[in-house]
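Okay, so here's the structure we're looking at.
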2 protein chains.
Amino acid sequence: MSDELSRALATRGYRVTAARRVILDTLVEHGSHLTADELTELVRQRATGIGRMTVYRTLDLLCGLGLLRPVYQGTGAAHYILMEDGHHHHLICTACSRVIEFDECALGDLPARVAGRLGFRIEGHLLELYGVCAECAGS
Amino acid sequence: MSDELSRALATRGYRVTAARRVILDTLVEHGSHLTADELTELVRQRATGIGRMTVYRTLDLLCGLGLLRPVYQGTGAAHYILMEDGHHHHLICTACSRVIEFDECALGDLPARVAGRLGFRIEGHLLELYGVCAECAGS
DNA sequence: GAGATAATTGATATTTTGTATCAATTATAG
DNA sequence: CTATAATTGATACAAAATATCAATTATCTC
């Protein structure tokens with residue numbers, strides 16, 4: 001799991017340090033949607049002495065490599081989602097901010113078409129559907 | 001333009017105040033991707049005395065109504081995008097963070113299908129494609 | 001229109017997030 | 001094992017977001 005991330009770092013010339021390993025493990029095992037400081041908390045439960053800065057920097061690094069994405073979910077902090085599979089799909093209630101993940105993906109060749117036209121090499125995507133959930137619509 | 005937003009507020013029982021009008025006007029005329037503090041700057045060039053808090057609160061209000069969305073683009077602050085047309089599409093370089101908008105939209109009936117299954121009333125969506133732009137791939 | 005009422009405002013203070021710096025440490029190449 | 005350069009983490013700082021509350025103001029009722 002997190003081995004893939006470690007390898008991705010090593011492949012691109014980044015060092016795989018003890019701190020980074022703990023951070024990656026925690027990230028993968030906990031799943032997505034953590035903020036940087038929440039992750040720092042969890043990391044510190046496993047290995048004391050890991051600084052907040054290191055967590056922030058590791059997250060930035062993964063984002064720069066396209067393996068992670070920051071998303072904003074209303075609270076003042078960025079939440080991070082893993083892009084291991086290359087895509088992520090959210091259904092978000094704009095009234096209560098709840099976030100539900102779903103798997104269905106029907107983009108077809110859209111990414112490739114757009115990418116080709118603009119000279120991008122596409123790595124993944126995020127699709128967020130916004131609406132009002134049943135409970136919020138009721139009240 | 002911003003009249004639609006004003007009407008949306010009025011319809012749902014929110015007051016259309018002078019401050020809110022200026023904020024909505026500025027938001028619509030400038031287009032998207034502003035942070036709260038950038039918007040505050042612009043708003044204050046038009047009408048002095050409008051507080052930062054009011055801008056933040058108005059943005060929150062619009063987000064809660066599904067008319068606006070906060071997105072995170074790497075800088076520490078949330079950027080806001082208007083959801084007037086119901087959808088928004090970004091092509092984002094994960095290396096240099098540049099954001100390009102595109103129009104093509106090929107979701108078909110996916111939103112309706114997912115929404116139906118989970119009891120959501122869908123209002124819009126955001127599709128973000130992640131990749132590496134030509135310049136970053138070259139270097 | 002004028003007054004009552006409740007939403008809204010904005011100044012201020014505070015908390016939370018994110019960034020910069022730099023000496024000490026540590027992973028890797030040779 | 002050593003040299004070297006990336007990485008770390010403590011500290012300090014800057015920026016962004018939230019809480020509070022008296023003063024103001026839009027709307028409703030008459």
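Throughout, a chain's letter reflects where its sequence line sits, starting with A, and its residues are numbered from 1. Predicted model only: the values in this text are computed from it and were never measured.
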How long is the line joining [atom1] of [X] and [atom2] of [N], in whole Å?
| X | N | atom1 | atom2 | result |
| --- | --- | --- | --- | --- |
| B:Asp60 | C:dG10 | CG | C1' | 16 Å |
| A:Glu41 | C:dT16 | CD | C1' | 14 Å |
| B:Tyr56 | D:dT18 | OH | P | 8 Å |
| A:Glu38 | C:dT16 | CD | P | 13 Å |
| B:Leu9 | C:dT8 | CG | C1' | 12 Å |

Considering non-hydrogen atoms only, spot the tightest contact between [X] and [Y] and give its length.
| X | Y | value |
| --- | --- | --- |
| A:Phe120 | B:Gly131 | CD2-C, 4.1 Å |
| B:Cys93 | B:Cys133 | SG-N, 3.4 Å |
| B:Ala77 | B:Thr35 | CB-CG2, 4.0 Å |

Please report how far the helix from C:dG1-D:dC30 to C:dG30-D:dC1 bends, comparing the axis fitted to its first five pairs with the axis fitted to its last five, to the nearest 10 degrees.
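Axis-to-axis angle, ends of the helix: 60°.
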Report all interatomic pairs (protein N or O, nucleotide N or O of nucleotides 13-15 of chain D) with separations under 3.5 Å.
none

Contact list for residues 70-85 of chain A, test side chain to side chain donor-acceptor pair (under 3.5 Å), sequence neighbours left out:
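Listed by first then second residue: A:His33-A:Gln73, A:Thr75-A:His79.
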Determine which pairs satisfy ring pair (Phe, Tyr, Trp, His ring centres under 6.0 Å) with at least one residue from residues 12-32 of chain B, sequence neighbours left out, and list them in order.
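Checked against ring pair (Phe, Tyr, Trp, His ring centres under 6.0 Å) - neighbours excluded - no pair reaches residues 12-32 of chain B.
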Short question: side chain of [X], backbone of [Y] - any donor-acceptor pair under 3.5 Å?
| X | Y | result |
| --- | --- | --- |
| B:Gln45 | B:Leu42 | no |
| B:Thr58 | B:Arg20 | no |
| A:His89 | A:Glu101 | no |
| A:Arg44 | A:Ile50 | yes |
| A:Arg98 | A:Ile92 | no |

Residues from residues 61-74 of chain A sitting under 4.0 Å of DNA chain D, heavy atoms only?
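Correct list: A:Tyr72, A:Gly74.
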So that I know where these two stand, are A:His88 and A:His125 an aromatic pair - ring centroids less than 6.0 Å apart?
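No - the distance between ring centres of A:His88 and A:His125 does not fall below the 6.0 Å cut-off.
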Just wondering, are more than 12 heavy atoms of other shown residues or ligands nearer than 6.0 Å to CG in B:Asp109?
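Counting other residues, nucleotides and ligands, CG of B:Asp109 exceeds 12 neighbours.
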Checking side-chain contact (heavy atoms from CB on, under 4.5 Å) for the pair A:Leu27/A:Leu62: CA distance, chi angles, key distance, verdict?
CA-CA 11 Å; A:Leu27 200 51; A:Leu62 293 175; 3.9 Å; yes
Protein-proximity profile, nucleotides 21-30 of chain C, B/S/- by nucleotide at the 4.0 Å heavy-atom cutoff, equals B----BBS--
